[in-house]
Amino acid sequence: DAGVIQSPRHEVTEMGQEVTLRCKPISGHDYLFWYRQTMMRGLELLIYFNNNVPIDDSGMPEDRFSAKMPNASFSTLKIQPSEPRDSAVYFCASRGGPGNTIYFGEGSWLTVV
Amino acid sequence: AQKVTQAQTEISVVEKEDVTLDCVYETRDTTYYLFWYKQPPSGELVFLIRRNSFDEQNEISGRYSWNFQKSTSSFNFTITASQVVDSAVYFCALSGWEAAGNKLTFGGGTRVLVKP
(Lines give C-alpha, C1' and ligand atoms only; values in the text may rest on other atoms or scores of the structure.)
Protein backbone atom coordinates (compact mmCIF):
# COMPACT_ATOMS: atom_id res chain seq x y z
CA ASP A 1 0.00 0.00 0.00
CA ALA A 2 1.23 3.46 -0.81
CA GLY A 3 1.98 5.62 2.19
CA VAL A 4 1.82 9.38 2.44
CA ILE A 5 3.65 10.83 -0.54
CA GLN A 6 5.37 14.18 -0.39
CA SER A 7 7.17 16.25 -2.99
CA PRO A 8 9.69 17.62 -3.42
CA ARG A 9 11.95 15.64 -1.08
CA HIS A 10 14.55 18.37 -1.11
CA GLU A 11 14.35 21.99 -2.15
CA VAL A 12 16.85 24.79 -2.03
CA THR A 13 15.49 28.22 -2.85
CA GLU A 14 16.48 31.82 -2.54
CA MET A 15 14.95 34.15 -0.02
CA GLY A 16 11.85 35.82 -1.38
CA GLN A 17 10.89 33.00 -3.70
CA GLU A 18 7.62 31.12 -3.46
CA VAL A 19 7.79 27.55 -2.24
CA THR A 20 5.06 24.97 -2.75
CA LEU A 21 5.14 21.64 -0.94
CA ARG A 22 2.80 18.88 -2.01
CA CYS A 23 1.21 15.94 -0.28
CA LYS A 24 -0.88 12.96 -1.25
CA PRO A 25 -2.44 11.31 1.82
CA ILE A 26 -3.17 7.63 2.21
CA SER A 27 -6.28 6.73 0.27
CA GLY A 28 -9.35 6.68 2.50
CA HIS A 29 -7.85 8.83 5.23
CA ASP A 30 -9.99 11.81 6.11
CA TYR A 31 -7.50 13.75 8.26
CA LEU A 32 -4.43 15.48 6.86
CA PHE A 33 -1.76 17.22 8.92
CA TRP A 34 1.19 19.48 8.13
CA TYR A 35 4.04 19.46 10.65
CA ARG A 36 7.33 21.33 10.69
CA GLN A 37 10.50 20.08 12.33
CA THR A 38 13.36 22.34 13.35
CA MET A 39 16.21 21.92 15.79
CA MET A 40 14.97 24.80 17.91
CA ARG A 41 11.27 23.97 18.10
CA GLY A 42 11.12 20.25 17.40
CA LEU A 43 7.99 18.90 15.73
CA GLU A 44 5.14 21.37 15.64
CA LEU A 45 1.72 21.18 14.03
CA LEU A 46 1.06 23.86 11.46
CA ILE A 47 -2.44 23.00 10.29
CA TYR A 48 -4.79 20.07 9.89
CA PHE A 49 -7.76 19.26 7.70
CA ASN A 50 -10.74 16.98 8.16
CA ASN A 51 -12.58 15.98 5.00
CA ASN A 52 -10.66 18.68 3.10
CA VAL A 53 -11.77 21.43 5.50
CA PRO A 54 -9.14 23.26 7.58
CA ILE A 55 -9.92 22.63 11.24
CA ASP A 56 -7.04 24.18 13.15
CA ASP A 57 -4.49 26.53 11.59
CA SER A 58 -3.32 28.08 14.83
CA GLY A 59 0.17 26.72 14.25
CA MET A 60 0.69 28.52 10.96
CA PRO A 61 3.48 30.94 11.81
CA GLU A 62 2.35 33.93 9.79
CA ASP A 63 0.52 35.13 6.72
CA ARG A 64 3.34 34.02 4.48
CA PHE A 65 2.17 30.46 5.05
CA SER A 66 -0.96 29.06 3.46
CA ALA A 67 -2.34 25.56 3.01
CA LYS A 68 -5.05 24.14 0.82
CA MET A 69 -6.72 20.82 0.31
CA PRO A 70 -8.76 21.00 -2.90
CA ASN A 71 -9.70 17.32 -2.77
CA ALA A 72 -9.27 14.21 -0.67
CA SER A 73 -6.08 13.15 -2.38
CA PHE A 74 -4.04 16.33 -2.53
CA SER A 75 -2.83 19.14 -0.31
CA THR A 76 -0.34 21.97 -0.68
CA LEU A 77 1.60 24.08 1.77
CA LYS A 78 2.80 27.34 0.29
CA ILE A 79 5.30 29.85 1.62
CA GLN A 80 5.39 33.23 -0.07
CA PRO A 81 7.79 34.93 0.24
CA SER A 82 10.19 32.46 1.79
CA GLU A 83 12.76 33.46 4.39
CA PRO A 84 15.88 31.69 5.71
CA ARG A 85 14.12 31.00 9.03
CA ASP A 86 11.63 28.84 7.14
CA SER A 87 14.38 26.29 6.54
CA ALA A 88 13.10 23.06 8.09
CA VAL A 89 11.72 19.65 7.35
CA TYR A 90 8.03 19.78 6.53
CA PHE A 91 6.07 16.61 7.15
CA CYS A 92 2.67 15.74 5.84
CA ALA A 93 0.69 13.07 7.68
CA SER A 94 -2.70 11.46 7.35
CA ARG A 95 -5.09 9.58 9.59
CA GLY A 96 -8.11 7.36 9.02
CA GLY A 97 -10.36 8.81 11.68
CA PRO A 98 -10.38 10.12 15.27
CA GLY A 99 -8.00 8.11 17.39
CA ASN A 100 -6.47 6.22 14.49
CA THR A 101 -2.77 6.12 13.88
CA ILE A 102 -1.20 9.08 12.11
CA TYR A 103 1.18 8.06 9.33
CA PHE A 104 3.84 10.43 8.11
CA GLY A 105 5.38 11.04 4.73
CA GLU A 106 9.13 11.10 4.28
CA GLY A 107 9.27 14.86 4.65
CA SER A 108 10.26 17.77 2.43
CA TRP A 109 13.65 19.21 3.35
CA LEU A 110 13.54 22.95 2.65
CA THR A 111 16.56 25.21 2.66
CA VAL A 112 16.08 28.93 2.06
CA VAL A 113 19.31 30.79 1.35
CA ALA B 1 -3.10 21.95 27.22
CA GLN B 2 -1.18 18.82 26.41
CA LYS B 3 2.51 18.33 27.06
CA VAL B 4 4.97 15.50 26.49
CA THR B 5 8.37 15.45 28.16
CA GLN B 6 11.27 13.27 27.17
CA ALA B 7 13.90 14.19 29.71
CA GLN B 8 16.72 12.23 28.05
CA THR B 9 18.05 14.11 25.07
CA GLU B 10 20.65 11.52 24.11
CA ILE B 11 21.54 8.00 25.20
CA SER B 12 24.63 6.14 24.08
CA VAL B 13 24.93 2.37 24.54
CA VAL B 14 27.05 -0.47 23.27
CA GLU B 15 25.40 -3.05 21.07
CA LYS B 16 23.43 -5.73 22.94
CA GLU B 17 22.79 -3.47 25.91
CA ASP B 18 19.20 -2.66 26.87
CA VAL B 19 18.05 0.92 26.68
CA THR B 20 14.96 2.52 28.21
CA LEU B 21 13.49 5.78 26.96
CA ASP B 22 11.37 7.77 29.36
CA CYS B 23 8.19 9.62 28.42
CA VAL B 24 6.01 11.64 30.78
CA TYR B 25 2.86 13.38 29.61
CA GLU B 26 0.28 15.87 30.81
CA THR B 27 -3.30 16.08 29.63
CA ARG B 28 -6.70 17.08 30.98
CA ASP B 29 -8.42 14.51 28.81
CA THR B 30 -9.69 11.41 30.57
CA THR B 31 -9.19 9.34 27.44
CA TYR B 32 -6.36 9.80 25.01
CA TYR B 33 -3.81 8.03 22.82
CA LEU B 34 -0.07 7.67 23.25
CA PHE B 35 2.38 6.95 20.45
CA TRP B 36 6.02 6.25 19.80
CA TYR B 37 7.70 7.14 16.52
CA LYS B 38 11.22 6.42 15.29
CA GLN B 39 13.20 8.83 13.13
CA PRO B 40 16.25 7.10 11.66
CA PRO B 41 19.14 9.08 10.15
CA SER B 42 17.35 9.03 6.79
CA GLY B 43 14.78 11.37 8.31
CA GLU B 44 11.39 9.75 7.91
CA LEU B 45 9.04 9.30 10.87
CA VAL B 46 8.14 5.67 11.42
CA PHE B 47 5.17 4.67 13.55
CA LEU B 48 6.02 2.13 16.25
CA ILE B 49 3.05 1.83 18.59
CA ARG B 50 -0.25 3.37 19.69
CA ARG B 51 -1.84 2.85 23.12
CA ASN B 52 -5.28 3.81 24.38
CA SER B 53 -5.42 5.42 27.79
CA PHE B 54 -7.86 2.82 29.10
CA ASP B 55 -5.59 -0.08 28.21
CA GLU B 56 -2.68 -0.27 30.62
CA GLN B 57 -1.41 -3.63 29.50
CA ASN B 58 2.25 -3.58 28.70
CA GLU B 59 3.16 -4.59 25.19
CA ILE B 60 6.07 -6.43 23.65
CA SER B 61 6.95 -6.55 19.97
CA GLY B 62 10.16 -8.40 19.29
CA ARG B 63 12.96 -6.51 21.00
CA TYR B 64 10.67 -3.56 21.74
CA SER B 65 8.51 -3.26 24.84
CA TRP B 66 6.37 -0.51 26.29
CA ASN B 67 5.39 0.16 29.89
CA PHE B 68 2.30 2.36 30.29
CA GLN B 69 1.52 3.59 33.82
CA LYS B 70 -1.42 5.91 34.00
CA SER B 71 -0.86 6.61 37.69
CA THR B 72 2.46 8.26 36.93
CA SER B 73 1.51 9.54 33.45
CA SER B 74 4.38 7.66 31.91
CA PHE B 75 4.77 5.61 28.74
CA ASN B 76 8.30 4.26 28.67
CA PHE B 77 9.93 2.37 25.83
CA THR B 78 12.61 -0.30 26.16
CA ILE B 79 14.82 -1.72 23.44
CA THR B 80 16.26 -5.05 24.51
CA ALA B 81 19.61 -6.23 23.15
CA SER B 82 20.09 -3.06 21.13
CA GLN B 83 21.51 -3.15 17.63
CA VAL B 84 23.29 -0.54 15.54
CA VAL B 85 20.17 -0.25 13.37
CA ASP B 86 18.30 1.02 16.43
CA SER B 87 20.31 4.23 16.27
CA ALA B 88 17.70 6.93 15.72
CA VAL B 89 15.72 9.67 17.39
CA TYR B 90 12.64 8.37 19.17
CA PHE B 91 9.61 10.53 19.77
CA CYS B 92 6.81 10.02 22.24
CA ALA B 93 3.52 11.71 21.32
CA LEU B 94 0.03 12.26 22.71
CA SER B 95 -3.32 12.94 21.10
CA GLY B 96 -6.79 13.51 22.42
CA TRP B 97 -9.73 11.16 22.00
CA GLU B 98 -12.43 13.43 20.73
CA ALA B 99 -12.46 14.94 17.27
CA ALA B 100 -11.20 18.24 18.57
CA GLY B 101 -8.13 16.60 20.03
CA ASN B 102 -6.83 14.93 16.96
CA LYS B 103 -3.51 16.63 16.71
CA LEU B 104 -0.36 14.98 17.97
CA THR B 105 1.72 16.71 20.60
CA PHE B 106 5.31 15.50 20.44
CA GLY B 107 8.02 15.31 23.04
CA GLY B 108 11.44 16.70 22.23
CA GLY B 109 12.81 13.33 21.22
CA THR B 110 15.57 11.11 22.56
CA ARG B 111 18.56 10.38 20.35
CA VAL B 112 19.79 6.81 20.76
CA LEU B 113 23.26 5.95 19.58
CA VAL B 114 24.15 2.28 19.54
CA LYS B 115 27.84 1.63 19.13
CA PRO B 116 29.15 -1.65 17.76
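By convention in this document, chain letters (A, B, ...) are assigned in the order of the sequence lines, proteins followed by strands, and residues within each chain are numbered from 1. Predicted model, so just to flag it, every value in this text is computed and none were measured.
- Using a 4.5 Å heavy-atom threshold, the side chains of A:F33 and B:L104 count as separate.
- Taking hydrophobic clusters as Ile, Leu, Val, Met, Phe, Trp and Tyr residues chained together by side-chain heavy-atom distances below 4.5 Å, B:Y64 does not share a cluster with B:L113.
- Residues B:V13 and B:W36 share a single hydrophobic cluster, defined by chaining ILVMFWY side chains whose heavy atoms lie under 4.5 Å apart.
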side-chain contact (heavy atoms from CB on, under 4.5 Å) evaluation trace for B:Y37 with A:I102: CA-CA 10 Å; B:Y37 287 86; A:I102 295 179; 3.6 Å; yes
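- Interface remark: A:N50 contributes no atoms to any contact with chain B (heavy atom separation under 4.5 Å).
- Both A:Y31 and B:Y33 are assigned to one and the same hydrophobic cluster, defined by single-linkage of ILVMFWY side chains at heavy-atom distances under 4.5 Å.
- Linking ILVMFWY residues whenever their side-chain heavy atoms come closer than 4.5 Å, directly or via other members, places B:L34 and B:F77 in the same cluster.
- Evaluation of the ring pair (Phe, Tyr, Trp, His ring centres under 6.0 Å) rule for A:Y35 yields A:F104, B:F106 as partners, not counting sequence neighbours.
- Of all the heavy atoms in A:R9 and B:S42, the pair that sits closest is NH2-O, 4.5 Å.
- Scanning both residues, A:E106 and B:E44, for their nearest heavy atoms gives CA-CB, 4.1 Å.
- Looking at A:E44, there are no atoms closer than 4.5 Å to chain B (heavy atoms on both sides), in backbone or side chain.
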Stepwise side-chain contact (heavy atoms from CB on, under 4.5 Å) test for B:L45 and A:L43: CA-CA 11 Å; B:L45 278 166; A:L43 278 157; 4.1 Å; yes
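- Under the 4.5 Å side-chain contact rule for hydrophobic residues, B:F91 and A:Y90 do not share a cluster.
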